[in-house]
Asker: 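Below you will find the structure I want to go over with you.
What you are looking at is a predicted structure, and each value in this text was computed from that prediction instead of being measured. Proteins come first, then strands; the chains are lettered A, B, ... in the order of their sequence lines, and each starts at number 1.
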Amino acid sequence: MPELPEVETVRAGLAPALTKALIQSVEIFDVRSLKRHLPGPNDFVQTLVGARILAVVRRGKFLWMPLQLAGDNNPAETSVALVGHLGMSGQMLLRLPGAEPDKCNRVTILVQAAGPAQLSNGDTFSGGGFAANELIEFRFIDQRIFGSLAIDRLINTTDAGLGGFQAEFAPTPSASLSDSGSIASESHWWLNRLPESAAHISRDALDPAFDVKALVRRLAAKQTGIKRALLDQQLISGVGNIYADEALWATKLHYDQTAATLTSAKVKELFANVVSILQAAVAQGGTSFDDQYKNVNGESGYFAVSLNAYGQTGQPCKRCATLIKREQWANRGSHFCPRCQKLRP
DNA sequence: CAGAGCTCCTGAGCGC
DNA sequence: TGCGCTCAGGAGCTCT
């Protein structure tokens, strides 16, 4: 189940191959994967063919590619992007034409790679292992069809900061919003924008511009369980069921502890744990728990071996040896240590 | 308005 | 071997 580390692994894999690539053709195998593209599948195909992909950007679990449409000399004015969400079981794979078919392949976008190029930060663009002008199949795989692809307008961020994460424009943690804002230019018009459909999503936990004070303030007013709050993408984005359970275990919090009962120190500790767990998972290429998550080459991530709570039902807690318990919660599972993570008044 | 609950969906895995 | 049941949950929507 893809969360921030899995989506970031996919983004990092797609970016070298797809940046500046030209879309040749689009094949739809299941229109349900385009349910978020309201104008319909024909419009989706017609809009994409001939478009150039300018970047691959992510906020939380949302991923988007700003586009320059065919014959459009003012893409900053048109301001559209191909927006993808992996949902529960989505994968984005890069294959050479003629490669073995993948199960549950819902959409295939054939692109011509731009190949080696100079990036604006001075680094040399490798082409992601693909030669210049090489044809690549971008395959959208999705067993349960909770994910989707759509074309959406990009709108300005309300705080004028970066819309999402894009490695070559990653600000340093000390950079202020205005610093990152100044990066936007005519040639990189999308930097301070994000898809309208993702505009309600909070900055994610790994975003240097994430407002921890605001999180403390908003949680203090939440009369709901802390896990529900962690999964609320409008409060903090990028966290799903796996990393929520891990962060709660690390902070010794019960999933149903009312958010408003936490001290601000405890909220900061929880946030710090979310950040370090997500960072560690990114470094290991994400978690492959049930074979639903793969990187762009179809390989699994290695974070599963580091899990302390999620999927550890019946295993001894690594702190106190009490057996980890799984409880049914909000139509899903919650894993926790009944001794370390007690519900407090 | 805030919070809880429902719903979309299908293939893998398991028991009989 | 084969059939049918169960299970997984992100996020938007709909109730209360």
Asker: Just jot down the salt bridge (charged side-chain N to carboxylate O under 4.0 Å, His left out) partners of A/R139, sequence neighbours excluded, or say none.
Answerer: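 A/R139 satisfies salt bridge (charged side-chain N to carboxylate O under 4.0 Å, His left out) with A/D102, A/E137 once adjacent residues are dropped.
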Asker: Quick check for you: among C/dA8, B/dT10, B/dA12, whose closest atom lies nearest to any side-chain atom of A/K103?
Answerer: B/dA12
Asker: In this structure, how many angstroms lie between the P atom of C/dA11 and the CG atom of A/N241, rounded?
Answerer: 12 Å
Asker: Report, as yes or no, whether the 6.0 Å neighbourhood of atom NZ on A/K268 holds more than 12 heavy atoms from other residues, nucleotides or ligands.
Answerer: no
Asker: In whole Å, I'd like the distance from the CD atom of A/E6 to the P atom of C/dA8.
Answerer: 18 Å
Asker: Given atom CG of A/L86 and atom P of C/dA11, what is their separation to the nearest angstrom?
Answerer: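 Result: 10 Å.
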Asker: In whole Å, what is the span from the CE atom of A/M88 to the P atom of B/dG11?
Answerer: 14 Å
Asker: Given the rule that a pair is Watson-Crick or G-U wobble with both distances under 3.5 Å, how would you write DNA chain C in dot-bracket, using | for pairs to a different strand?
Answerer: .|||||||||||||||
Asker: Going through the distances and angles, do A/K61 and A/E3 end up as a salt bridge (Lys or Arg N to Asp or Glu O under 4.0 Å)?
Answerer: CA-CA 6 Å; A/K61 307 171 199 172; A/E3 304 179 32; 5.5 Å; no
Asker: For A/S79 and A/R193, which I'm curious about, is there any donor-acceptor pair between the side chains at under 3.5 Å?
Answerer: yes
Asker: With a 4.0 Å cut-off on heavy atoms, is A/G333 in touch with a base, just the backbone sugar-phosphate, or nothing at all?
Answerer: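 Sugar-phosphate, backbone atoms only, no base.
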Asker: I'd like to check the side-chain hydrogen bond (donor to acceptor under 3.5 Å, both in side chains) partners of A/S148; sequence neighbours left out, ordered by chain and number.
Answerer: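 So A/S148 forms no side-chain hydrogen bond (donor to acceptor under 3.5 Å, both in side chains) with any residue.
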Asker: To the nearest angstrom, how far is A/D232 atom CG from B/dC1 atom P?
Answerer: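 Atom CG in A/D232 sits about 15 Å away from atom P in B/dC1.
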Asker: Please write out the pairs of protein N or O atoms and N or O atoms of nucleotides 13-15 of chain B separated by less than 3.5 Å, giving the distance to one decimal.
Answerer:
none

Asker: A side-chain contact here means heavy atoms from C-beta on lying under 4.5 Å apart; do A/V239 and A/D204 qualify?
Answerer: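 No, too far: nothing below the 4.5 Å cut-off.
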Asker: So if you build clusters from Ile, Leu, Val, Met, Phe, Trp, Tyr with side-chain heavy-atom gaps below 4.5 Å, do A/F44 and A/V111 land together?
Answerer: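 Per the 4.5 Å side-chain linkage, A/F44 and A/V111 are co-clustered.
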Asker: What nitrogen or oxygen pairs link the protein and nucleotides 3-7 of chain B at under 3.5 Å?
Answerer:
unit_1 : atom_1 : unit_2 : atom_2 : d
B/dG3  : OP1    : A/Q223 : N      : 2.7
B/dG3  : OP2    : A/K222 : NZ     : 2.7
B/dA4  : OP2    : A/T224 : OG1    : 2.4
B/dA4  : OP2    : A/R228 : NE     : 3.4

Asker: In the hydrophobic clustering (ILVMFWY, side-chain contacts below 4.5 Å, transitive), which residues join A/L135, or is it alone?
Answerer: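 Its cluster partners, ordered by chain and number, are A/L110.
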Asker: Would you indicate, yes or no, if C/dG10 has its OP1 or OP2 atom less than 4.0 angstrom from a side-chain nitrogen or oxygen of A/Y243?
Answerer: no
Asker: Compare the minimum distances between each of B/dT10, C/dA11, C/dG9 and the side chain of A/H85, then state the nucleotide with the smallest one.
Answerer: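 It is C/dA11.
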Asker: Rounded off to whole Å, could you give me the CZ-to-P distance for the A/F29 and B/dT10 pair?
Answerer: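 Computing the A/F29:CZ to B/dT10:P distance gives 17 Å.
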Asker: With centres under 5.5 Å and planes under 30° as the test, does A/F146 stack with C/dA11?
Answerer: no
Asker: Restricting both atoms to N or O, compile the protein contacts to nucleotides 12-16 of chain C shorter than 3.5 Å, with distance only.
Answerer:
unit_1 : atom_1 : unit_2 : atom_2 : d
C/dG12 : OP2    : A/H200 : NE2    : 3.2

Asker: Tell me the salt bridge (Lys or Arg N to Asp or Glu O under 4.0 Å) pairs involving residues 21-35 of chain A, sequence neighbours left out?
Answerer: A/D30-A/R32, A/D30-A/R106
Asker: Does A/R326 reach a base, just sugar-phosphate, or nothing at all? Heavy atoms under 4.0 Å.
Answerer: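 Touches sugar-phosphate only.
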Asker: Could you note down all residue pairs passing salt bridge (Lys or Arg N to Asp or Glu O under 4.0 Å) where residues 333-345 of chain A supplies at least one of them, sequence neighbours left out?
Answerer: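 Residue pairs with at least one partner in residues 333-345 of chain A: there are none.
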Asker: Can you tell me how far P of C/dG9 sits from CD of A/Q143, to the nearest Å?
Answerer: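 Atom-to-atom, A/Q143 to C/dG9, this comes out as 13 Å.
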Asker: If the cut-off is 4.0 Å, is A/R144 near the phosphate of C/dG10, judged by side-chain N/O to OP1 or OP2?
Answerer: no
Asker: Using whole Å, report how far CD of A/Q328 lies from P of C/dC7.
Answerer: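 Result: 8 Å.
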Asker: Please list, chain by chain and in numerical order, all residues satisfying ring-ring contact (aromatic ring centres under 6.0 Å, His included) with A/Y243, sequence neighbours excluded.
Answerer: A/F303
Asker: What side-chain donor-acceptor pairs closer than 3.5 Å can you find for residues 221-231 of chain A, not counting sequence neighbours?
Answerer:
unit_1 : atom_1 : unit_2 : atom_2 : d
A/K227 : NZ     : A/N241 : OD1    : 2.7
A/K227 : NZ     : A/D245 : OD1    : 2.6
A/K227 : NZ     : A/G333 : O      : 3.3
A/K227 : NZ     : A/S334 : OG     : 2.8

Asker: Just list the side-chain donor-acceptor pairs under 3.5 Å for residues 322-331 of chain A, sequence neighbours left out, or say none.
Answerer:
unit_1 : atom_1 : unit_2 : atom_2 : d
A/K325 : NZ     : A/E327 : OE2    : 3.3
A/E327 : OE1    : A/Y255 : OH     : 2.3

Asker: With side chains defined as the heavy atoms from C-beta onward, is the minimum distance between A/L96 and A/E134 less than 4.5 Å?
Answerer: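 Counting from C-beta outward, A/L96 and A/E134 do come under 4.5 Å.
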Asker: Taking 4.0 angstrom as the limit, do A/R203 and A/D159 come out as a salt bridge?
Answerer: yes
